[in-house]
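So you know, we letter chains A, B, ... as the sequences are listed, proteins then strands, and number each from 1.
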Amino acid sequence: GQNIDQPTEMTATEGAIVQINCTYQTSGFNGLFWYQQHAGEAPTFLSYNVLDGLEEKGRFSSFLSRSKGYSYLLLKELQMKDSASYLCAVRDNAGNMLTFGGGTRLMVKP
Amino acid sequence: DTEVTQTPKHLVMGMTNKKSLKCEQHMGHRAMYWYKQKAKKPPELMFVYSYEKLSINESVPSRFSPECPNSSLLNLHLHALQPEDSALYLCASSQVPKVSGNTIYFGEGSWLTVV
């Protein structure tokens, strides 16, 4: 089975940096995804990690440690439009199933 | 082009109706998925099609019937639904699942309300 945990809510200030953590305990692992989802919209792909280390994409970076079952999403230079839910998701060994954590609702304040 | 297109965007149906949700992608992806998402909850996997064959059915009630007519299309047929089935239904697609690095892309979803 899959157990994926992330904080329910976070608040940060415009222009700041925020780190959203995700821990997982899974029976299989074939990559970890981060998605952004604005209210009423579909999830949008942000990043993918399958090997340990940091992946950087502009203002967004994602880190993975497979031995610790741990990932984080780092958002720099926060903008108001970054207010959204951020979903951590783990893919199983067969590559078919993507299981989501509960999502972290990020509120960016002026 | 990383687009997954879903229609309709909004659907209201009675409990005795029969309707269908449609999903289309032209990225050459050979895996397609249906997810269900309730308000303030993460998406939950319903079905997976791999090479146009149903590979995973996550114990979904038979009132939901998926169909994959070809490699670009995925339908979800709905019949005799209950009000608790009201949710956002998300279609997604990806390359061959076992290939490392392949991303799963979501459509914009179909909002379903059962009355």
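- Side-chain heavy atoms closer than 4.5 Å link hydrophobic residues (I, L, V, M, F, W, Y) into clusters, and following such links, even through other members, never connects A:Ile20 to A:Tyr35.
- Annotation for A:Glu14: atom CD counts as buried by contact number, over 12 foreign heavy atoms lying within 6.0 Å.
- Counting non-hydrogen atoms of other residues, nucleotides and ligands closer than 6.0 Å to CE of A:Met107 gives a total above 12.
- Enclosure of atom NZ in A:Lys68 is not indicated, since only 12 or fewer non-hydrogen atoms of other residues, nucleotides or ligands lie within 6.0 angstrom.
- In the hydrophobic cluster analysis, where Ile, Leu, Val, Met, Phe, Trp and Tyr join through side-chain heavy atoms closer than 4.5 angstrom, A:Ile4 is grouped together with A:Leu32.
- For the atom pair OH of B:Tyr35 and CZ of A:Phe100, the computed distance is 5.5 Å after rounding to the nearest 0.5 Å.
- Pairing each heavy atom of A:Pro43 with each of B:Pro43, the nearest pair is CG-CG, 4.4 Å.
- Within the 4.5 angstrom heavy-atom criterion, no atom of B:Gln6 approaches chain A.
- Residues A:Glu41 and B:Leu88 approach most closely at O-CD2, 4.3 Å, considering heavy atoms.
- Residue B:Glu44: no heavy atom, backbone or side chain, is found under 4.5 Å from chain A.
- Counting heavy-atom neighbours within 6.0 Å of B:Lys38 NZ, excluding the residue itself, gives a total above 12.
- No side-chain heavy atom of B:Tyr33 sits less than 4.5 Å from a side-chain heavy atom of A:Leu98.
- Within 6.0 Å of CD in B:Glu108 there are 12 or fewer heavy atoms belonging to other residues, nucleotides or ligands.
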Check the pair B:Ile104, A:Phe45 against side chain to side chain contact (heavy atoms under 4.5 Å, CB included), reporting the backbone distance first and the verdict last.
CA-CA 8 Å; B:Ile104 298 174; A:Phe45 170 74; over 6 Å; no
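- Of all heavy-atom pairs between A:Gly102 and B:Pro42, the closest is CA-CG, 3.9 Å.
- Among all heavy-atom pairs drawn from B:Gly107 and A:Ala42, the shortest one is O-CB, 2.7 Å.
- B:Leu45 CG to A:Asp92 CG: the interatomic distance, rounded to the nearest 0.5 Å, is 9.0 Å.
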